Structures are given as structure tokens and as C-alpha cells.
Protein chains: 2
Amino acid sequence: MVSERAAPAHVTLEVVARYAGVSPATASRVLNGTTRVRDELRERVLAAADLLGYIPNAHAQALASASSQVVGVICHDVSDPYFAAIASGVMRAASERGLLMMLASTFRDPSREIAYVSTLRAQQARAILLISSGFQDRAWERAMSAELDPYLRGGGRVAVVSRHRTLRVDTVLPENRAGGAALARALLDLGHRDFAVLTGPRALTTVSDRLGGFRDALARAGVDLAPDQIVEGAFTRDGGYDACSGLLQRGLRATCVFAITDVMAIGALAALRDHGLRVPEDVSLAGFDDIPIVRDLSPPLTTVALPLAEMGEAVMALALREPPHRRSRVARFGGEVVLRASTAPP
Amino acid sequence: MVSERAAPAHVTLEVVARYAGVSPATASRVLNGTTRVRDELRERVLAAADLLGYIPNAHAQALASASSQVVGVICHDVSDPYFAAIASGVMRAASERGLLMMLASTFRDPSREIAYVSTLRAQQARAILLISSGFQDRAWERAMSAELDPYLRGGGRVAVVSRHRTLRVDTVLPENRAGGAALARALLDLGHRDFAVLTGPRALTTVSDRLGGFRDALARAGVDLAPDQIVEGAFTRDGGYDACSGLLQRGLRATCVFAITDVMAIGALAALRDHGLRVPEDVSLAGFDDIPIVRDLSPPLTTVALPLAEMGEAVMALALREPPHRRSRVARFGGEVVLRASTAPP
DNA sequence: ACGTTATCAGAAAGCGCTTTCAGAAACCGC
DNA sequence: GCGGTTTCTGAAAGCGCTTTCTGATAACGT
């Protein structure tokens, strides 16, 4: 009767230890397996912990041992399939290692990226991973370094997806430039000479690298890209739709449209269709990323494949590798052109 | 010179306080704004904190104040657009409230759901949110309750997306049953009488509710669903593809296929196409969820719309509302049929 | 001018754990 | 059988903060 309504209080290590008739030190040792403990005591502690439903307080553990099981992940936009796929790879890598993942989404605002680094520092994250699209801006870079440097000096680990100009950290680098170039060559091989491009914000290295690679490869083939056939839009499905609509309104002179990301390509496909154009009969369309859904579009989308989940696993591996930061390392991924039915000879 | 290489040590509250010439207590009060402090001291503390780049240790804060800024989210599968969309809503709700989100993905294994609850308890999460598809299994329910109950008694908050039979917690409930029924009626109205269904694991309430609602509505109209036209597959794109392929091999006798989720419908669409069937001319196809991509398929998919992001925000609101758990509450969402071009009269 | 109340700052306890440190007990060889 | 190891356990310090509690100082009324 009484025992049944006994307040469970807070079952702390102290309670377990008392119950087992040992000191908290011994109980801690048993529970963590740090040191041999006489079998009899071991059993008593284990039994007590189990019986009382003991759950250690991770804050106390972290504070006392100055270490944590948590990695922080800052993601450009979790609701975008590209970033979600990478985050999913990070998630998998984390659970393999028994780590917990604190996930923050900046919803496309680079300044929040910096704020979150600070927050994750406060949380004593063992590593901070940035899943971004790169951002080139002096003030931003300075502020980010000001957050990252003390963290690194304090033993924190940092790794980043996508190219950043001045951040001295481990990097997972999608082959944006080479991929853009390879795509251009593939499209040239199909016979296209007139291109239009739907880009995202130029301040993102992801955008400028892809566009740069694409344009260079065209130039090398003696084909140039009319400035009025390059339209900038938001980095989203609707951004792609709007950019493509704008292009169509102004008069599309291209036989092939390159959307700088698959997500934008999805919007572009809708815009083309709404405008009565058939893909690829009237115009070819290509994207970049190979997010899972694009093979199920009709027509399936030609794109540049990136192993997104693998990149997520790699960014974790890079951050956690020993010894830390011999010198910031770069791991390159992807860049293979996947030709599908959305492109055809003009 | 010397000052430049001075070890930054760890900048703790103590260091800031000493530097400002006040006690740690005062520094704490200033930084948290808990109590009025003389302006002069205030300024000194703030200046010192800023100068030294002070970042509070969240573990110490949590330990001392017995409260945390972290909510734990356990997600069935982060790489599935349905769950990702809900998680994104949760994310938004978290950042609005200044909370941090610890995200775990069970990768479709219900037993890991229980393990993660325990882990998040250890992390002293202020709330635990389960984004699942429901699971009906006595042993599982018992084990889950055994984790949840002590957590709730200790002041923890819990809320769940999807119906669970015995869990006494706040629930965000998609209108699966009503939605399934409404979809059936809409398809009947189009003139269909012969249906096939691609389902997921029956142990998931999401599956059984949708299927139950669908079948009941058909029965009420005097139409029955041949058992051999119901095929169970994994809850994924490939599961949908395989289930649909199996159905086609065995001989499809239906004029309309209902896939229990949009994700499975995407796979089904691919299977139908690979089999040379046109949608909706040869067979109509409907899904459930209205994940963002399905309006961009061709044909756009008929489905039952659920406000996924909103549901994510709601599950957070439910968990955090005051006072806690007057009695577990249920918030219902969605269930509107969205007719698109993937369905047509037979 | 005196007692009374309101403000503000510091000392110190304590959150729940880990980890030296040191002592007790058991072991060894010769 | 005794010094010297080797094991094992407990006492206690301390991780970095918050929060009483207490004392000092200022402000107030009559």
C-alpha cells in the first residue's frame, strides 16, 4: 500500500547507490564500466538501477566529464529535399555512432546560421556540421569565423557541406563546377546551342560554381550564353516556376533550359507545361542534384547526380576523424551526368 | 604580445564576474535579467561578457535550474517527405519558441522509438514528440507506456502524431478514417466500382484507419473490395512500386488504384507506366497525404490533403500547452479530397 | 533623527554526475 | 611471514551554473 504510492522522487545515482549499499562512485563505475568492480557489488548496482528505473542525467554527465554525445547540425532548409537528403545521411551516421543530433534549420537566412553556431556552442555540441549552400560575403565570413575559431580552439569539431571561401574547416564539396561543365558538354553533345539558365542567388557558391562551370564549358565550345537568358529566382520550387515563367514571358530563345537545382527544375517543368510547351519535344530541361523524386517525374529529369546521403555521412566522418584538423580537408563527391528523357536533341 | 597569446582558458561565468569585479551571482542575474542590478554593474558585466566572448554552458544551466530548452522529436523516417514535412513544421514551432530540437529517426523500427524515448529522457528534454504512423502491438504499447509514464509524472510533456490505442497522451490525429471514406465516395462519384488498394503494414493505425474508412464507404455503397485486389507493401516508394507490380502480374481487375500514401502512389505510378498503362486513361490512381511534390507529377495526383506543416506545429503546441494534460487531448486535421488529373471516370 | 521597509550584492549551497586521491584488503615472492 | 604490489572501494572535490539566504546600504515616513 504505502510502497505503492511512495513518491518515485528523482532516481539519481545517489539513490541507486544507497539502495545497493555502495557509494555513488562505485555505482558510477559499474554503470559506465570504467573499472572492474567486485561481481557481487556489480550485480547489486545493476539490479537496483533496473528496479528503480534509473536514467542518468545527461547534463550532469556532460558537465562532470566535459564531453557530450550531441552533434549540432545546421541546415539551410529542412523542408527542401536536397538538404533533407543530406541531413538524413548525417542522421544515419549519428545513430551508427550512438550520437544524438540537434538539428536547426535557418530557413534560408544566413545570419541565423551564425546565431545557431553560437547556440550549439552553448549546448557543448561535440561537433557542428553546416549543411549549407555556401555564402560569399565578407561580413558574414568574418562573423562566422569569429564563432567558429574559438570553438575549434576549444576542441570543437566543425565540418561543412559546400564551398566557403575563407572558412578553414573540413569540407564536403559537391563537384558543382565540374558537374556544371559536364552537363554543358552532355547537352552540347545532344546538339543544343541555345541555352537558358534558371539560377538562384549568386552569393551562394553552389550557384556560382554550377553556373561558372556550365558557362565555361559552353565558352570553350564557342557557345555563349545571352545574359537575358539567365534568370535569377529563389532557390525553391516556386522560385523555379517564377523564373521560368518570366523567361517565357520575355520570350524563350533557347532549346534547352538548365535549372541550377532539381527543385527549381520541378517548378520550371510546371511552368513550361502551363505555358503549353512539351518537354523534351519543344524544349529540353535539365537540373542538378538528382534528388530522389526526379526520376519519377514525367519526363524523368536529366540532372547531375550527387550522392546526397553519402555526403551527409561524410560530413560527420570528416568532423569526427582523428586527429582533428591536421589541415582542413576536402572530400569531393558526385558530378556524374544522368541523361534522362527530359532532354533530347533540339 | 603576452596578452595576445594568453590562453583563452574557458571563459566561465566566474571569469566574467571577476573581470567585471562582481560576484558570479550578480553576473548571472545580469545575464539572465532575473533581478534588477545597479546600472553601473550591469554595464560592466555586459561589457566583460562581450569582450571575453562568454558563452554560457547549457549543461550547467540546465543542471542548476532543472530546466532545459530542448525538445526531443522522434520521427518514423526523416527521409520520407510525409514525416519530413511534419518535422519541418515542428522545427518552425521550435524556433518560434526559442527551443532547440533534438531529432532522432527510427528508420521505421518501432522498437527504436522506445529506446529513443529513454535517451531523450536522459537528455532532460522538456518535451518528447513522436511523429509516427501509430503502432498497435500489446508488448510495444506496454513498453512505451513504461517509458512515458514516469517521464510524464516527472513533469515531462509528450505529444504524438497519429492514433495510438493505449497511449494516454495528447494526439494530433490526421483524419485517416474520414479521409479514406471521403476519397472512396469521390471515386465512386466518378463512376468507379472496381478498386485495388496498395497498403502498408497493417499494424500501423495510419494504414488500418485509411483502409478501414475506404472499405466501409465502399461497403455502404454496396461495392466490395476483393481481397486479392489488396496488396501489402513497404511504406515506401519502392514498396508502392513492388506492390503495384505484383498486382499487375496477378492481373489487375480494377479501374482505380488507391495507394495508402502518396509516397507509395509515386512508386505505383512508375509501375503502371513501366507496364504500359496510362493514368488516368487506362486506370485511375489516388494517394493520401498531399505531400508537396504530388501536384507536380504528371498527371498530378488525386489525394487526400493533410496540412502537414500545421500538424507539426500543432503537436508542439499541444505538448507545451498549459496546464499540462488536463486530460489527453486530440486535435484533428485534414481529410479533404483533392481531385486532380490522375483520376477520371472509368 | 530614528525605526522601518525596500533594494541590491555576495556567500554558499547544491543540481547529479565523474574522477582523482588515498586507504583497505587481498595477493605475491622469497 | 613481511615488504611490496595489485585490486578494489569510498571520500571528496569539482564541473559551471542558479538560487536561496543573509547582510549591507539606501530610501522612506513621521
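Values below: all heavy atoms of this structure, side chains included; hydrogens, waters and symmetry mates excluded. Only a predicted model underlies this, so the values are computations on that prediction, with no experimental measurement involved.
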* Given side-chain hydrogen bond (donor to acceptor under 3.5 Å, both in side chains), test Ser132(A) with Ser162(A) step by step and report yes or no. => CA-CA 6 Å; Ser132(A) 78; Ser162(A) 84; 3.3 Å; yes

* Output the distance between atom CD (Glu113(B)) and atom CD1 (Ile131(B)), rounded to the nearest 0.5 Å. => 10.5 Å

* **Pi-cation contact, Phe107(A) with Arg92(B) (under 6.0 Å, within 45°)** => yes

* **Thr171(B) (side chain) donor-acceptor with Leu173(B) (main chain) under 3.5 angstrom** => no

* **Cys75(A) and its side chain to side chain contact (heavy atoms under 4.5 Å, CB included) partner, picked from Val161(A), Ile86(A), Leu103(A), Val90(A)** => Leu103(A)

* **Arg157(B) side chain vs Ala319(B) backbone, donor-acceptor pair below 3.5 Å** => yes

* side chain to side chain contact (heavy atoms under 4.5 Å, CB included) partner of Ile74(B), chosen from Thr119(B), Leu120(B), Leu129(B), Val160(B) -> Leu120(B)

Identify the pairs formed between an N or O of the protein and an N or O of nucleotides 21-28 of chain D at a distance under 3.5 Å, and give each distance.
none

* For DNA chain C, whose closest nucleotide is more 5', that of Thr26(B) or that of Ala64(B)? -> Thr26(B)

* For the pair Ser88(B) (side chain) and Ala84(B) (backbone), establish whether a donor and an acceptor sit closer than 3.5 Å, ignoring hydrogens and angles. => no

* **Members of residues 118-126 of chain A that approach DNA chain D, where some heavy atom sits under 4.0 Å away** => none

* Closest non-hydrogen atom pair, Tyr116(A) against Ser105(A) -> CE1-O, 3.7 Å

* Nucleotide range of DNA chain C lying under 4.0 Å from chain A heavy atoms -> dG16(C) to dT20(C)

* Contact class for Ala66(A) vs. all strands (heavy atom < 4.0 Å): base, sugar-phosphate, or nothing? -> nothing

* Sugar-phosphate, base or nothing in reach of Ser65(A), heavy atoms under 4.0 Å -> sugar-phosphate

* Asked: Do any of residues 41-61 of chain A sit with a heavy atom less than 4.0 Å from DNA chain C, and if so which?
  -> Tyr54(A), Pro56(A), Asn57(A), Ala60(A), Gln61(A)

* Going by the ring-ring contact (aromatic ring centres under 6.0 Å, His included) test, which pairs reach into residues 39-60 of chain B, not counting sequence neighbours? -> His59(A)-His59(B)

* Asked: Which heavy atom of Asp170(B) sits nearest a heavy atom of Arg329(B), and at what distance?
  -> OD1-N, 2.8 Å

* Would you mind checking if Glu313(B) and Arg97(B) are paired as a salt bridge, meaning a charged N to carboxylate O distance below 4.0 Å? => no

* Asked: Would you call the rings of Phe135(A) and Trp140(A) parallel, tilted or perpendicular if under 30° counts as parallel and over 60° as perpendicular?
  -> perpendicular

* Note the angle between the end axes of the helix from dA1(C)-dT30(D) to dC30(C)-dG1(D), five pairs defining each, rounded to 10 degrees. => 30°

* To do: Please work out if Thr12(A) contacts a base, only the sugar-phosphate, or nothing of the nucleic acid, heavy-atom cut-off 4.0 Å.
  => sugar-phosphate

* Please check if the side chain of Arg42(A) supplies one atom and the backbone of Val37(A) the other of a donor-acceptor pair under 3.5 Å. => no

* **Minimum heavy-atom distance between Arg327(A) and Arg321(A), given as atom pair plus value** => O-NH2, 3.9 Å

